[in-house]
4 protein chains.
Amino acid sequence: MPKRDREATRARLLEAARLRFAREGYDATSVRDIAGDAGVDATLIFRYFGSKKRLFDEVTADLPAGLPDGLPDGPEEELVARMLRAVVFHDWTRYGGEHPLVAMLRSSAHDDARQRMRQEVCDTYVDALRDLAEGDGPELRAELLSAWLVGIGILRSVVATPALAGASADDLAPHVEAVASALLGRPMRGTPSSEG
Amino acid sequence: MPKRDREATRARLLEAARLRFAREGYDATSVRDIAGDAGVDATLIFRYFGSKKRLFDEVTADLPAGLPDGLPDGPEEELVARMLRAVVFHDWTRYGGEHPLVAMLRSSAHDDARQRMRQEVCDTYVDALRDLAEGDGPELRAELLSAWLVGIGILRSVVATPALAGASADDLAPHVEAVASALLGRPMRGTPSSEG
Amino acid sequence: MPKRDREATRARLLEAARLRFAREGYDATSVRDIAGDAGVDATLIFRYFGSKKRLFDEVTADLPAGLPDGLPDGPEEELVARMLRAVVFHDWTRYGGEHPLVAMLRSSAHDDARQRMRQEVCDTYVDALRDLAEGDGPELRAELLSAWLVGIGILRSVVATPALAGASADDLAPHVEAVASALLGRPMRGTPSSEG
Amino acid sequence: MPKRDREATRARLLEAARLRFAREGYDATSVRDIAGDAGVDATLIFRYFGSKKRLFDEVTADLPAGLPDGLPDGPEEELVARMLRAVVFHDWTRYGGEHPLVAMLRSSAHDDARQRMRQEVCDTYVDALRDLAEGDGPELRAELLSAWLVGIGILRSVVATPALAGASADDLAPHVEAVASALLGRPMRGTPSSEG
DNA sequence: TATGAATGAGCATTCATTCAT
DNA sequence: GATGAATGAATGCTCATTCAT
């Protein structure tokens, strides 16, 4: 079953690349690193993906699929709380322990990465939040809230400021409620109801 | 203006390095790139700084000095508004058009860079904001507000989401007022008084 | 004779390295020199040997194998004569025309090289001679005789003093007999019997 | 007194070069090393000597002057014993602890060094010994004895074979007597009379 | 098709040396 | 004349990538 093996090898390469690119960034990652992690010869990367760059593209194109499913499900007023959990408290070990958006900043010198990030932010966060915003400029309100989520992710995992690095979801809940309500112009909740 | 001027050459190398490191990150920048931009031989980098790493250190150690002076001056309730202007609307061309903190994320695979970022965020933003926060957990409140500023900087200049990329300081003012007040637990203003 | 033959390329690199290291010493030899002599790309040195240093190690570890086989065979009293032929009259073109021990002196600023030389001198010469020495201090006697052989090799091929440079094996024979007998405390012969 | 300073600096450079070249060989020694040891700027080397090579030449041309004075004085039959002391037991710290001849082998890839060594060996050792040799081929006899002295120097200080490295002058005396007598064809003594 | 030998451009760094002041 | 800024070629080594078998 060589067909299966091929697919399995491809998948292992993608997985290894995802982790390396996230943890170390595009430039600091070598194709040999990736191939080594996957336990295969480095030339297979060129055989399967054409080039390091195209492998990177495929990894980042994969991004939204990596987001937790069912994010939009549940009461509207808890959406921001659910998003925060996705950004900050979800298990991102597949991406080296950080939210892929945060990880991809490391490669943000490359325009493709920026584009992928924009798509991801807009499609996953801004679009969903805009529908909730009341008052004028819902787009800007939605983006400002997205910016906050991204900023929290960065300060928590990359910069590791002391209070945020040690904060639990419950510690953040009241502030989520306050800021989300302030920006969206409507009452929001800081905790998903399923978790009390 | 002598051609062989140690200090001038050193300064040009630092300037070129600052820009390259900001725009492309540490790994994607070569000492030849920097020397080329500065119009001098690459060996001078080793003569003056010892190594590429030490040049990077010197560039990033220079960071706080690069912040706009007089940030803490002025009424307390306008501090956040002034900070936002510093992060987003200041002229950061010396750093490739982005706030140095944002630019440094590109090198965040290196622990030194993370440390410098932490220091910068804490010393410049969190410390000043913590003194203003009322209610319990002032540290966390201050960090959450800092996270917002950082997130806005990123979405605006790196990710370039449409509404934020086109927003003026005045567009942001009401939201600054709302979020800052919500997080600090006291009334804040969204616009520095000197600008109406 | 396939063009892409790992073992063959490796062997050519070793051969080229042996010659260069012998003729010019470790420091004066560059990996590009060696690769150029072998007619291959310099990166293969790192692929096959890891580093210039490890290539040098492999070359010098190869040393004893490079000595003429069958040295210990034959009558005891002719051993020194056979050794002298090995040191001086053997065809050392593979090592640039000099006995490898002599060649390695050129790299003797490096401790590894000294160690290899010590091993070689002791294992190949001193050990064999000690068993023949009579009287007290057989070790010292054996070393002093080894020193003579090494000194002859140096004066003949490196320093090229006139009489030694032009001397034949037969010219040396009576003196070999005299000195070997004097140092070992027993009658030795200056000429291998097979050569009259 | 700038004239004096110039001469003093020149002398310090020569001294430092002598030591470095002896200890590490020509190739492994950099002009910066030498200048650093002498406590002056590296460019002075080019000012005073023209190039690294010419500095090396000057250092090696200095060689015979470095030999202990009064070597030929004293009874003829003790000459070899005195020479051995000069080669092996003299204080050669000025040359990095080894006899300059031995040290110069490290640079023997350079033809100039070989030539200097030949001159040194012939003028200082062979010439003096030839006059003592009896029987035919006095030149060859003298060279073979010189070879022994050189070989002892090398095995003792470079290769560091165990017995020779720990041997005292007295340990060597009987063998010196035996070998010198055997090679020169006349009775020689192993110990200078002044030392018993 | 797939293995792995081979490549050459590029890396940070050090070298001996020159030239302007 | 002397200081030190500047140079460019060369160093060992790693990179992504190609090509033969």
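To find a chain, count down the sequence lines: A is the first, B the second, and so on, and within it residues start at 1. Values reported hereafter were calculated over all heavy atoms of this structure, with side chains retained and with hydrogens, waters and symmetry mates removed.
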Calculate the interatomic distance between B/Arg54 atom CZ and E/dT14 atom P; express it in whole Å.
10 Å
For C/Arg4 and E/dT7, what is the distance between atoms CZ and P respectively, to the nearest whole Å?
7 Å
With C/Arg23, which residues qualify under side-chain contact (heavy atoms from CB on, under 4.5 Å), at least two apart?
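C/Leu19.
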Could I get the full list of side-chain contact (heavy atoms from CB on, under 4.5 Å) partners for D/Arg32, not counting sequence neighbours?
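In terms of side-chain contact (heavy atoms from CB on, under 4.5 Å), with neighbours along the sequence ignored, D/Arg32 is linked to D/Ser30, D/Ala42.
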Where are the stems of DNA chain E, defined as at least 3 consecutive Watson-Crick or wobble G-U pairs with both distances under 3.5 Å?
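As far as DNA chain E goes, consecutive pairing (with distances under 3.5 Å) yields the stems E:2-21 with F:2-21.
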Relative to the 5' end of DNA chain E, which residue comes earlier, C/Arg6 or B/Lys53, by the nucleotide with the nearest heavy atom?
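Here C/Arg6 is the residue nearer the 5' end.
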Could you identify which residues of residues 28-52 of chain A place a heavy atom less than 4.0 Å from some atom of DNA chain F, listed by residue number, or say none?
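Within this stretch, A/Thr29, A/Ser30, A/Val31, A/Arg32, A/Thr43, A/Phe46, A/Ser51, A/Lys52 sit under 4.0 Å of the strand.
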Scan residues 13-21 of chain A against DNA chain F and write down, sorted by residue number, each residue with any heavy atom closer than 4.0 Å; if none is found, say none.
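Correct list: empty, so none.
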Pairs satisfying ring-ring contact (aromatic ring centres under 6.0 Å, His included), at least one member in residues 8-55 of chain B, at least two apart
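For residues 8-55 of chain B, and leaving out neighbouring residues, the ring-ring contact (aromatic ring centres under 6.0 Å, His included) pairs sorted by first residue read B/Phe21-B/Tyr26, B/Phe21-B/Phe56, B/Tyr26-B/Phe56, B/Tyr26-B/His110.
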Using the test side chain to side chain donor-acceptor pair (under 3.5 Å), find all partners of A/Glu15 that sit at least two apart in sequence or belong to another chain.
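With neighbours one apart ignored, the set is A/Arg18, A/Arg94.
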In plain terms, say whether D/Asp57 and D/Arg116 are close enough for a salt bridge, that is, a side-chain N and a carboxylate O under 4.0 Å apart.
no
Looking at residues at least two apart in the chain, or sitting in another chain, which of them share a salt bridge (Lys or Arg N to Asp or Glu O under 4.0 Å) with [X]?
| X | answer |
| --- | --- |
| A/Arg106 | A/Glu98 |
| D/Arg10 | D/Glu58 |
| A/Arg12 | none |
| C/Asp41 | none |

